[in-house]
Amino acid sequence: MSFSNLGLSEKVLAAVAATGYTNPTPIQEQAIPHVLARKDVLGIAQTGTGKTAAFVLPMLTILEKGRARARMPRTLILEPTRELAAQVKENFDRYGAGQKLNVALLIGGVSFGDQDAKLMRGVDVLIATPGRLLDHTERGGLLLTGVELLVIDEADRMLDMGFIPDIERVCKLVPFTRQTLFFTATMPPEIRRITEAFLHNPQKIEVSRPATTAVTVTQAQVPAGREAHEKRELLRRLLREAKDLKNAIIFCNRKREVAIVHKSLQKHGFSVGALHGDMDQSARTAALEQFRKGELPLLVASDVAARGLDIPEVSHVFNFDVPHHADDYVHRIGRTGRAGRTGTAISIVTPLDQKSMVAIEKLIGQSIPRAEGDYEVSAEASDASERPREQRGRERSRGGRGKPQRGRDRERSHEPRDARGEARHAAESRPPSEPRQPAESRHRSDDKRRAEPRHEARQQANISHVPSIGRPEPRRQREVDTEPGDHSHLPAFLLRPVRSPAGA
DNA sequence: AAAAAAC
């Protein structure tokens with residue numbers, strides 16, 4: 001099967017040929033003729049299956065006829081994250097280079113005015129995340145009554161993120177007679193319900209939906225103590241000892257942890273970027289771009305990077321934290337071993353993660369080999385003086401027990417620190433001159449908005465800088481990672497450049 | 001246990 005007999009226009013075929021692709025993937029082969037026949041499509045497919053081109057290519061063919069009117073886009077594509085939206089835009093730019101097509105990206109975190117001006121000039125393709133899209137429609141700068149074709153991408157993920165009410169609102173604003181293309185990786189009942197509401201007599205296309213991981217990915221789990229500093233130490237060791245490591249994504253469960261691990265690795269001389277949803281958009285874009293280009297070999301990320309992002313040739317995925325949901329594991333390690341290449345996925349597993357690992361192994365239908373004791377970093381072995389003050393105090397009060405606690409006992413004693421102790425700790429590390437604020441107001445946007453302008457200049461110069469995610473980092477950090485100056489043990493390409501002249 | 005998304 002080749003692209004030429006799917007009904008695509010000459011221009012589009014030329015653009016595809018120019019990129020070097022010759023054969024459509026199964027979802028492209030099945031979906032493209034239906035889209036061109038103006039049928040509704042229900043595509044059950046994950047990213048990495050060529051799903052994006054399955055709608056981009058026929059849309060380009062359809063859009064060759066006709067012209068956009070001011071404030072009335074002809075087609076609309078909804079995406080769950082800003083990065084995915086930007087990625088779809090890149091596809092239009094690539095394959096639509098030969099057409100004079102107006103493509104607009106409506107995502108948060110960037111100038112509203114520029115977007116509005118673009119809408120005014122008329123757009124053929126509007127690619128949006130739900131929040132900013134509705135913002136524009138509410139302000140009257142955008143009319144969806146001219147939308148001929150609507151794409152809802154990653155619907156199950158939108159469901160997870162609570163976007164379905166927004167999607168329903170958008171669907172009420174587009175004409176009933178539109179064509180709808182709906183993509184989802186899974187079919188939970190709520191998604192089934194909305195497909196019945198949104199789609200008319202859809203062509204159902206299902207391509208192999210592996211709840212499994214690619215066979216080309218070597219997986220391992222490495223035991224670790226439960227303390228974060230132990231995990232960071234282990235991570236550094238894993239990075240140094242990894243075989244054939246070209247580049248890697250290091251996943252953490254929390255944005256806070258992403259910032260901490262990023263900072264720690266930087267301090268230890270690693271060339272590393274960060275990506276999570278509380279960073280401002282320019283820093284997000286820059287980090288991803290640098291990682292894609294290979295300028296940064298390491299990226300510490302939240303699950304914002306787990307799904308859908310097209311990052312070719314990631315040699316390693318590290319789970320600094322084991323994900324709490326097994327399907328997130330599948331998505332994360334799906335970042336490596338793509339297109340038949342080999343990859344390695346290593347998970348750092350604490351005693352508390354055992355349950356999650358069992359669920360993961362059950363989902364993927366295979367057991368993940370445990371790396372042997374070489375990797376073990378025991379709690380006893382690490383110098384007590386490296387540990388947080390608070391923690392030492394707790395141990396003493398328990399009668400000097402050196403070993404990590406387990407089970408319920410541990411969880412209970414952990415709780416107060418996460419919930420309140422950390423906020424108190426943060427307040428302690430703040431200079432006495434600075435006014436104390438109630439924890440609530442310190443927590444999010446207030447602080448962030450004030451802090452961002454100050455950071456701007458730094459972000460221009462050093463895009464791997466991660467802005468504060470809302471409150472100052474606990475002092476604990478500075479105590480735990482020792483000997484940050486000595487980087488002689490690192491492979492050169494993992495080293496952070498000392499300071500390269502701009503443009504060189 | 002979290003992350004994501006609007007100002």
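So you know, we letter chains A, B, ... as the sequences are listed, proteins then strands, and number each from 1.
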Tell me whether the OP1 or OP2 atom of [N] has a side-chain N or O from [X] closer than 4.0 Å.
X        : N     : result
A:Arg82  : B:dA6 : yes
A:Thr81  : B:dA5 : no
A:Ser302 : B:dA4 : yes
A:Lys355 : B:dA1 : no
A:Arg332 : B:dA3 : no

Return the value, rounded to whole Å, for the distance between atom [atom1] of [X] and atom [atom2] of [N].
X        : N     : atom1 : atom2 : answer
A:Ile164 : B:dA4 : CD1   : C1'   : 13 Å
A:Leu84  : B:dA5 : CG    : C1'   : 13 Å
A:His325 : B:dA4 : NE2   : P     : 14 Å
A:Met279 : B:dA4 : CE    : P     : 10 Å
A:Asp116 : B:dA6 : CG    : P     : 16 Å
A:Leu275 : B:dA4 : CG    : P     : 8 Å
A:Asp280 : B:dA5 : CG    : C1'   : 15 Å
A:Arg254 : B:dA4 : CZ    : P     : 13 Å

- Take atom CZ in A:Arg69; do more than 12 heavy atoms of anything else shown fall under 6.0 Å from it? no
- Task: Look up atom CG in A:Leu78 and atom SG in A:Cys171, then write down how far apart they are to the nearest 0.5 Å.
- Result: 7.5 Å
- Query: Could you state the interatomic distance from NE2 (A:His324) to NZ (A:Lys355), rounded to the nearest 0.5 Å?
  - Reply: 11.5 Å
Applying a 4.0 Å non-hydrogen cut-off, can you work out what [X] is touching in the nucleic acid: base, sugar-phosphate, or nothing?
X        : answer
A:Gly109 : sugar-phosphate
A:Asp166 : nothing
A:Phe163 : base
A:Asp303 : nothing
A:Arg139 : nothing

- Query: Salt-bridged, A:Arg370 to A:Glu361, with N to O below 4.0 Å?
  - Reply: no
- Out of B:dA6, B:dA1, B:dA2, whichever nucleotide has its closest atom nearest the side chain of A:Glu138: B:dA6
- Item | Heavy-atom pair with the smallest gap, counting every atom of A:Asp153 and A:Pro80 | O-CD, 3.9 Å
